[in-house]
Number of protein chains: 2
Amino acid sequence: MPPDAEPPRHGPLEERRFVARPLSVQDAIRRDIIAGVLTPGARVTEASLAQRYDVSRVPVREALRGLASEGFIDSRPHVGSRVAAIPVHDADDLFAVREALEVATARGAARRAAALYSGDESPADWWRLRREIAALLDAGDAHVADGDLDPLVAINDQIHIAIAELSGSATLTRLLRQLSWKIEWLYAADVQSRGKRLWPEHRVLVGAIDAGDGERAAALMAAHVRESRIGYLLRHDVTTPSADPAVAAEVARRRSADG
Amino acid sequence: MPPDAEPPRHGPLEERRFVARPLSVQDAIRRDIIAGVLTPGARVTEASLAQRYDVSRVPVREALRGLASEGFIDSRPHVGSRVAAIPVHDADDLFAVREALEVATARGAARRAAALYSGDESPADWWRLRREIAALLDAGDAHVADGDLDPLVAINDQIHIAIAELSGSATLTRLLRQLSWKIEWLYAADVQSRGKRLWPEHRVLVGAIDAGDGERAAALMAAHVRESRIGYLLRHDVTTPSADPAVAAEVARRRSADG
DNA sequence: GGAGGAACGATTGCATACGATCGGCGTCCG
DNA sequence: CGGACGCCGATCGTATGCAATCGTTCCTCC
């Protein structure tokens, strides 16, 4: 089924509802913060941002409030707002929570796939998400083949978010999205991630979801996120490797092995 | 030291910065949603809320945007907003993620306590939070002694949030706060929680944090949250008890034991 | 009688304007 | 010479007004 068959049918309604919102001011500011255009500690007044993004103070104000509740902005009433500090010392904990989040979403997605095949449920947007994941997998493969690894981190995040949406839990999806932004911020701040080795795991994971094997999907996701966590800790030498003893041991082992 | 000695000194600056913001519109609406005053599915227009809380449309608008990003409001552009559905089918996953979150914050709080005693760090508001926890523990004890268990769930949440702040991770604290609101919503929606049995565990947990024993604090918190999760699942008979096999087995065991 | 289209009401999105509050700095008094 | 008081610029918080968009309803035509 071609992916462009259904969208023009319902038109802009379903379109705006779910996928392609026209990049709100909040998204634009967040993107600039993550990309490093707005550096931590920088003063951002409503007026300056309004001029920067060519809108009035009102949307900027709403965006700032949202970004403050997401932790990208530190705001003090009647004083001003600043770009928050990158949570580098939280990195390991962020990965630990991400593991729990993603294990739950992977298991939920597989469970929902099983329910779908047995006819218990008929989720409307399941197939749309499934096709989106397929497209993302193909796009990632193409980038890997071309040796262009930079877009991989963004595609990786989109796949994981799509799997979360596949699980049907809006709450978990929302939390994971916030966490992904933070981890992306961590990656972008220091060093470009090289996710080539972890990339092939995605297809195996999606296969387990399609098969409806919840436990296998959960185990694969746990290993996948844990590898990502170990990789981050290996690239950033921190004093305390990890709070999780198993992760810390693995980091120490590889560090001594690789020299 | 009486707790009302310092606030009038620096006045409203430090006051507003951290603790007692004058209950914003967003907090008021969220409170009403959790309390069931605004029921899921109810239409909420900016104008009606503005009249209800006696403010203009602009603060209502900001509050709605924030609540939408928190998942309490479903908003569609140019159409309107509705109170979101209570995430009952996510309950078990929410507890699983909460366990990971709270284990990380408990471990972090204990680690920070150890660093404090060894003189490595000197956190300014550590003692303030520690006193706040002590006051909350005493208040909870008083309620338990009086047999007034209703405020216990709120006090419980405040203790857990304070422990998260003690860990020093703003990101984890923010995620936990959002999760706590959702779980509180779950509890308030169906049945009043009876947390008397779990209450004494708090002092043991805080003791482990004070001792700087990170692993013990983490283990205690994991058991504490898991008990809470099992209790919820026991009170709400769901078809699939839990995604975690150990939790599911324990729920089944107690259910057959209690009849 | 049914289907397509246009106009209307309702609601949000944004811009502008004004009032309230805070931090900084000069000045005055002890 | 040091500290406290008061003024002032800066910034936020809120209110009001207008334009854009969506869902609906009614009208017309087939």
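Proteins come first, then strands; the chains are lettered A, B, ... in the order of their sequence lines, and each starts at number 1.
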Parallel, tilted or perpendicular, judged at 30° and 60°: which one describes the rings of B/Tyr187 and B/Phe95?
perpendicular

Are B/Arg57 and C/dT12 close enough that a side-chain N or O sits under 4.0 Å from OP1 or OP2?
no

Neighbour count >12 (heavy atoms, 6.0 Å) for atom CG, A/Asp54
no

Quick one: B/Glu62 CD to C/dC14 C1', roughly how many Å, whole number?
13 Å

Mind calculating the distance between CD (A/Glu46) and C1' (C/dT16) to the nearest angstrom?
14 Å

With a 4.0 Å limit, can you tell me whether A/Ser56 has a side-chain N or O closer than that to the phosphate oxygens OP1/OP2 of C/dC14?
no

By nearest atom, which of the nucleotides D/dT14, C/dA15, D/dC22 is closest to the A/Arg61 side chain?
D/dT14

Ranking C/dT11, D/dC12, D/dT14 by distance to the side chain of B/Thr45, first place goes to C/dT11

Rounding to an integer number of Å, can you tell me how far B/Tyr53 OH sits from D/dT14 P?
15 Å

Rounding to an integer number of Å, can you tell me how far A/Asp54 CG sits from C/dC14 C1'?
12 Å

Take the protein atom CZ of A/Arg65 and the nucleotide atom C1' of D/dT14, then report the distance between them rounded to whole Å.
12 Å

Which of these nucleotides, C/dA15, C/dT12, C/dC22, is closest to any side-chain atom of A/His78?
C/dC22

In whole angstrom, give the distance that lies between atom CZ of B/Arg43 and atom P of D/dT24.
10 Å

Taking atom CG of A/Asp148 as the centre, does the number of heavy atoms from other residues, nucleotides or ligands within less than 6.0 Å exceed 12?
yes

For residues 154-181 of chain B, pull every pair meeting ring pair (Phe, Tyr, Trp, His ring centres under 6.0 Å), keeping only residues two or more places apart or in separate chains.
B/His160-B/His202, B/His160-B/His224

Quick one: on DNA chain C, does B/Val58 or B/Ser81 contact a more 5' nucleotide (nearest heavy atom)?
B/Ser81

Using whole Å, what does the distance between atom C1' of nucleotide C/dT11 and atom CZ of B/Arg82 come to?
13 Å

Using atom CD1 of B/Ile73 as one end and atom P of C/dT12 as the other, report the distance to the nearest whole Å.
11 Å

Main chain of A/Asp27, side chain of A/Ser24: is a donor-acceptor contact present, judged purely on distance under 3.5 Å?
yes

At under 4.0 Å, does any side-chain N or O of B/Arg76 touch on OP1 or OP2 of D/dG23?
yes

